[in-house]
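A short worksheet on the structure shown next.
Order of the sequence lines fixes the chain letters, A, B, ..., with proteins taken first and strands second; residue numbering starts at 1 for each chain.
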Number of protein chains: 2
Amino acid sequence: MSDDRGRRPRMADIAREANVNRITVSRALSRPELVAKDTLKRIEAAIARSGYIPNQAARGMKTERSRIVSLAAPAQMSGVYGAISELLTEALHRDGLIINHFPLTDSIAQREAAMREMAGWCPAVIVIMSSVLTGPMREMLRVARTPFVELLSYDPDSLGSCVGFNNQQAARMLTEHLVSRGYQRITYAHSANPLNALNVTRLEGFTDAIDAAPGVEGRELRVAPSYADGARLIETLLADDKLPDALLCASDMVAVGALEACRRLGIDVPGRLAICAVDGTELTDVAHPSITSLDFPLERVAEVGAEEIRRLAAHPDSNLRRVEVEASVRPGETT
Amino acid sequence: MSDDRGRRPRMADIAREANVNRITVSRALSRPELVAKDTLKRIEAAIARSGYIPNQAARGMKTERSRIVSLAAPAQMSGVYGAISELLTEALHRDGLIINHFPLTDSIAQREAAMREMAGWCPAVIVIMSSVLTGPMREMLRVARTPFVELLSYDPDSLGSCVGFNNQQAARMLTEHLVSRGYQRITYAHSANPLNALNVTRLEGFTDAIDAAPGVEGRELRVAPSYADGARLIETLLADDKLPDALLCASDMVAVGALEACRRLGIDVPGRLAICAVDGTELTDVAHPSITSLDFPLERVAEVGAEEIRRLAAHPDSNLRRVEVEASVRPGETT
DNA sequence: CTGAAAGCGCTTACAG
DNA sequence: CTGAAAGCGCTTACAG
């Protein structure tokens, strides 16, 4: 029945079978109301018979407009990036937009290469979570003329649209919360990745709060975002006799891992050590004891973000939009 | 400096600036060793000056070979799908493969439409996690002539390559574990999604084990894969006075949510209720008490899967490979 | 309502 | 070492 001679059917094959010109097949697909009823029927039958699937690359080449949305984000899926990426992928899929996923590495050269890749596919929109933009990256975005959306961090000077919260302020509030509860030696555990935009602004917020609190000693520590590294962190601090009063974790996974290690090692939380997480995913709520963290509407970031992406995909030349969502401290049982 | 007249630079623009033919520019990009040194230098200078980025769609159209890998998976990123997808995305990105992400919905029609979309982009490989394949989907895969990889479930009759474990056996082993510990009324809480392949085979395994255990009463219950629904499940069962002896959870998130609800409601685990999870992500280990679950090498599935995808992308006509990874019960403190 | 012509941006042989 | 010709699979005006 179907053409089995080694290649997938093309529009020309359908046209031949249905006894029409390729143009008519194209029209039957894109504007069927302009095609005579029985012509349409013949074409549809031929399509069904052959299993024809239009080549999206060829289509996009002509229309100069793709339905691809390129999403660059840190690879970790168990935390806030996974949560947003899940909501975003679902929402955009409903609008017929295809998500191209680019993991962000720790190398500037690789991030720039990834940006080049992204731009090379002529996506409708480029979305970035939590990456610092280098000069070449900005230049590529400019030359590619692709609408650009930053998620998670609110930045009034963003190169494109953005939907997020003020991360500097958020880290400051959480630190102030710890100070107000009387903790004097506070350690901020974070990835220390200078390419992670959230990281950079959050560190500033932490430092601000420490500087403003006389007598409070602040430290920072590098830790990879995983349960295991959170647990290991506590073990190391304990072994070195360097356990602080309070631990502020940039990653929810680190907070959960640290909490579990404390339970195992008999460290009283929050009596001996307070634990506080910045991302505030569902995980911190489900933990026991529940972890003090940031209260910000993840769902709203994804929702408004999806809306903005959809809008820019439809109207690439429309104005940018910058949306700041509110964040506050959600006190849990660990502080 | 750069061309600012409303469109991104094309190869022809570079050719003009460098005083060569477009072909030479193309060659400079793909096989620079065939181009004279100073010609190359002129071309590279023009590319740098203009910020030229080759159009991947146009390139792929000619080469008939794209570097896209289409990945269809349930949207939930906090569980096993997120973990695999993270590892896979990173590994494939290192090989220069681009991941197109398609969330699986609960509607057959939508899944088939998604499959059509996927095939339309002429990906190098199509990867599916945990979806039943309908007749039309199989037909599309056949016509598209795209190599196909199934992950997570080992199926000797898979249409393509597969890397996974025997889910029927796994669910049976976990249920037998519960039976051997003396639990008599066992409830299997799962998404009840008939389109989820893992779900279907796991349910069979559960039923097998119950049928083989005289005097043991098995039930099944529908629950969405989230922390909140896991917690709600316990609340409902308690309110209806239908709490079983043991709960087998298809989703790790449900297990963690249920565990937390038990703690909150004063239900003794494992004394009054045993909890057991099937996916066995890191989450079950980090929970407290640690949750009995499946021990299977997630990383190996991702690693071998990535290898197989890479191989099929390079040699689309090579033989299929079916790899079964072993799984066993990892006893925790909840049974 | 349908089709002949031209072209999207690139690459693949082939000729020189 | 470089280029003129043809074509990948589709669509966009335009003409009839």
Does a donor on one side chain and an acceptor on the other come within less than 3.5 Å for A:R111 and A:T134? no
Is it true that B:R311 and B:S318 share a donor-acceptor pair across their side chains at a distance under 3.5 Å? yes
Heavy atom of residues 26-33 of chain B under 4.0 Å from DNA chain C: which residues? B:S26
Under 4.0 angstrom between B:T24 side-chain N/O and D:dG3 OP1 or OP2: yes
Straight-line distance of B:E90 CD to A:M77 CE, nearest 0.5 Å: 9.0 Å
Between CG on residue A:L141 and CG on residue A:L133, distance to nearest 0.5 Å: 6.5 Å
Apply salt bridge (Lys or Arg N to Asp or Glu O under 4.0 Å) to residues B:E139 and B:R142 and explain how you reach the verdict. CA-CA 5 Å; B:E139 176 64 10; B:R142 201 184 63 72; 3.1 Å; yes
Counting Watson-Crick and G-U wobble pairs with both distances under 3.5 Å, what is the dot-bracket string for DNA chain D, 5' to 3', using [ ] for crossing pairs and | for pairs to another strand? |||.||||||||.|||
Hey, does the side chain of B:T201 reach the backbone of B:L198 with a donor-acceptor pair shorter than 3.5 angstrom? yes
Under 3.5 Å donor-acceptor, B:N196 side chain and B:N199 backbone: yes
Whether each nucleotide of nucleotides 4-9 of chain D has a protein heavy atom under 4.0 Å at its base (B), only at its sugar-phosphate (S) or at neither (-) is summarised, 5' to 3', as BB-BBB
Ring pair (Phe, Tyr, Trp, His ring centres under 6.0 Å): pairs with one or both residues in residues 99-119 of chain B, sequence neighbours excluded: A:H101-B:H101
Length of the line joining A:R16:CZ and D:dC10:C1', which is rounded to integer Å: 16 Å
What integer distance in Å separates A:L34:CG from D:dT11:C1'? 14 Å
Run the side-chain donor-acceptor check on residues 21-33 of chain B: report pairs under 3.5 Å with partners two or more places apart or on a different chain.
from  : atom 1 : to    : atom 2 : distance (Å)
B:N21 : OD1    : B:I23 : N      : 2.9
B:S30 : OG     : B:S26 : O      : 3.1

B:R59: salt bridge (charged side-chain N to carboxylate O under 4.0 Å, His left out) partners, not counting sequence neighbours: none
